[in-house]
There are 2 protein chains.
Amino acid sequence: MRQGKKKATIYDLSVLSGCSASTVSAVLNGSWRKRRIKESTAQLIQGLAERHQYTANLQARGLRSSRSGLVGLLLPVHDNRYFSSMAQTFEAEVRSHGKCPIVVSACRDPEEERATVETLISYSIDELFIAGATDPDSIHTLCEAAGIRHINIDLPGTRAPSVISDNYEGARMLTSAIIEHFHSAEALKPKELFLFGGRNDHASRERIRGFRDTKIEMLGADADDCIQPTGYSPNMTQKAFEAFYEREGKLPRGLFINSSINFEGLLRFMGQHPHETFADIVVGCYDYDPFASFLPFPVLMIRQNTEGMLAKAFELMAETRPAPQIYLIQPELIMPRMALTGPLDDIKDIDG
Amino acid sequence: MRQGKKKATIYDLSVLSGCSASTVSAVLNGSWRKRRIKESTAQLIQGLAERHQYTANLQARGLRSSRSGLVGLLLPVHDNRYFSSMAQTFEAEVRSHGKCPIVVSACRDPEEERATVETLISYSIDELFIAGATDPDSIHTLCEAAGIRHINIDLPGTRAPSVISDNYEGARMLTSAIIEHFHSAEALKPKELFLFGGRNDHASRERIRGFRDTKIEMLGADADDCIQPTGYSPNMTQKAFEAFYEREGKLPRGLFINSSINFEGLLRFMGQHPHETFADIVVGCYDYDPFASFLPFPVLMIRQNTEGMLAKAFELMAETRPAPQIYLIQPELIMPRMALTGPLDDIKDIDG
DNA sequence: CTAATTTGCACAATCGATGGTGCAATCACT
DNA sequence: AGTGATTGCACCATCGATTGTGCAAATTAG
């Protein structure tokens, strides 16, 4: 009604309807049948609620019921296709359950992660999906203490169910695809296949292991000095490329890049060097980005199955007592020049 | 202490310390000096709080004080570089103010937008940044009624302060850069410069206007039949390209693409056609993406200044009574093969 | 040594919604 | 009509924190 006014509460409606606040509450939260409220009473109150634009104060409800209707997703970063696509899928899924999605990022900083999760807990979130946490087990402890259901995604913990990408298999697929891509040209030599990026987290380790094993199997050479974990920053990765180029006068013909963020390091390098420098390289990137897929050299990519991972995670969340085990989800090898669809394709787009 | 236990409340600490709950509350929320609590009492309580891992129940606090410490950002979508980068910057800024960032997307659906904002209001969020809302004014009404400070970003409203990209200027820069890019080659003819993407929102209209004006000025031809607003979906855009190609047997040499999402439509088209189809095209895209910048044909991009927009928006939010006017932020023209830094570069990355 | 301050804290109402319990009125049935 | 079951709803404690108010005790002033 009046716009500057305070929001209507059940007490306002209680006065207006002549019913008690508890009756109003019951009607408006749907529990009125259980409470044997007359249908006509319910309709009266619902009418008033609508007319006065009543919306429940969810903080009050959450305080009383100690459940908030909030479902959290903790991400390392937003501006990355892998994680933002996860956020997109997550939101749709949570909304379809009638809950409210909360997506937060914590910058791969363990302290920030803890603080963020504590804040979420203070808002009595009902469930938490932990994606890419640097220390899932310490977050597990927090959730456990607060009695909050939680599932790890992307990076596994030992104490809670974890849904992760099969990084080892993915890395094997990617590595062998890179090697095979040279079959028509001059075969790739062991010293020409390098891995850049990643750090000492579970995903990177598995990818490195997959790279290593496959390289040894297929090219028969030890891979250790061809592995350059540069962390997750584009700049460090760029520096690694510069250093390599400085030393060797060229790039390796075969590149395994740990993630699209690291790939940006290669882009920065590219910006400093002419086209010819990249004439015969083949890149495999453990992440999918449609634009990267169409670069002037062959780019093989791994698309992690975020939909599949989230689906599994939601499934586990629904179970009463999910085992704290690791569930592997197979990623997919994407050949060069592929523009795939994503969660955006599901949203409607009507012209005004 | 005990892990399965309920969380400690001020009442628990009240018993443990021998002080009243109000004293505990004052100590823990920092207002204890105002309330003339003895320093030693404060220390005692702080010690207990730490030992028992007390964290305030923010729902209770929010209920009482009707302010939650939450600051919202409403986005159209997550998985888009422009908006996810905005989310990233937003989070950092909000955190630095000691508040809790809430990022939600509403899929460019007016109904969803309203519902989402109502939910946020029900959680008593303190401030709302509305980015890319299809109908900012209707959201304004909601916020107004709830007394929530709000600023529009990216798409302007008439009732609240709006910080938007200077789409007209940006489109002019982009259009003229596309045309000039042909100076060394055979000059571009009017019928060879097309605009694809966008729909009937403020941003698209301004971009189209900038495209139109510049094209007329520089190529001296009416531009109307070279404008194909295809909405924001990659698929519709792809179809537009297919239709054009079907009709003309080639693509236009000069392409103005409304956004990176529309650009993905071109990628899908590319996936269906050989390299040669794109041998001599020049693309201008109203969005910046580092991978797109290195595609096999020249890609000129507009980088919208998200940091600048958010900075201005936060500045306005801090003002007591900001005028409901439009603040234009200049975007930047990015030449081909540029890998720029973004918010990710600010996050630390230490190897474990 | 008494009066006026100041210090330090407890009390209790309150925010808005929930849900267990109890009670009157109505209905069914012998 | 009397007994028991059912219907329809009101009452009230409660969730955990905030905050205005009041009042002893300690301190200072005169």
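So that the names make sense, note that chain A is the first sequence line, chain B the second, and so on, each numbered from 1.
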Mind listing the N/O atom pairs, protein and nucleotides 5-8 of chain D, below 3.5 Å?
unit_1: D:dG8; atom_1: N7; unit_2: A:Arg36; atom_2: NE; d: 3.3
unit_1: D:dG8; atom_1: N7; unit_2: A:Arg36; atom_2: NH2; d: 2.8
unit_1: D:dG8; atom_1: O6; unit_2: A:Arg36; atom_2: NH2; d: 2.8

Here the distance between atom C1' of D:dG16 and atom CD of A:Gln59, to the nearest Å, is 12 Å

Exactly one candidate in B:Pro136, B:Cys143, B:Pro161 meets side-chain contact (heavy atoms from CB on, under 4.5 Å) with B:Ile151; the answer is B:Pro161

Pairwise side-chain contact, B:Ile148 with B:Asp126, heavy-atom cut-off 4.5 Å (strictly under): no

Bend of the helix from C:dC1-D:dG30 to C:dT30-D:dA1 from end-axis comparison, five pairs per end, nearest 10°, comes to 40°

Electrostatic pair A:Glu112:B:Arg95 at N-O distance under 4.0 angstrom: yes

Rounded to whole Å, CD1 of A:Ile10 lies from C1' of C:dT14 at a distance of 14 Å

Residues passing the ring pair (Phe, Tyr, Trp, His ring centres under 6.0 Å) test with B:Phe129, sequence neighbours excluded, are B:Phe90, B:Phe314

Notebook entry, point to check: Side chains of A:Thr134 and A:Glu113: is there a donor and an acceptor less than 3.5 Å apart?
Noted result: yes

Rounded to whole Å, NZ of A:Lys7 lies from P of C:dC15 at a distance of 15 Å

Rounded to whole Å, CG of A:Leu63 lies from C1' of D:dA13 at a distance of 13 Å

Here the residues of residues 12-32 of chain B within 4.0 Å heavy-atom distance, strictly under, of DNA chain D are B:Ser22, B:Ser25, B:Asn29

Taking the side chain as C-beta and beyond, is there a heavy-atom pair between A:Leu155 and A:Ile164 under 4.5 Å?
-> no

When rounded to whole Å, the OH to C1' distance for the pair B:Tyr11 and D:dA17 reads 6 Å

Q | Pair B:Glu307-B:Thr89, side-chain donor/acceptor within less than 3.5 Å | A | no

Between A:Ser25 and A:Asn29, is there a side-chain heavy-atom distance shorter than 4.5 Å?
yes

From CD1 of B:Ile45 across to P of D:dT18 the rounded distance in Å is 13 Å

So salt bridge (Lys or Arg N to Asp or Glu O under 4.0 Å) across residues 145-159 of chain A, not counting sequence neighbours, yields none

Atom NZ of A:Lys34 and atom C1' of C:dT18 are separated, to the nearest Å, by 13 Å

When rounded to whole Å, the CZ to P distance for the pair B:Arg61 and D:dA17 reads 8 Å

Expected list for residues 117-128 of chain A near DNA chain C, using heavy atoms below 4.0 Å, is none

Taking the side chain from B:Ser20 and the backbone from B:Thr23, do they hold a donor-acceptor pair closer than 3.5 Å? yes

Compute whether any side-chain donor of one residue and acceptor of the other, for B:Ser124 and A:Gln59, lie under 3.5 angstrom apart. yes

In terms of heavy-atom contacts, B:Ala8 and B:Tyr54 come closest through O-CD1, 3.3 Å

Taking the side chain as everything from C-beta on, heavy atoms only, tell me whether A:Leu73 gets closer than 4.5 Å to A:Val104.
no

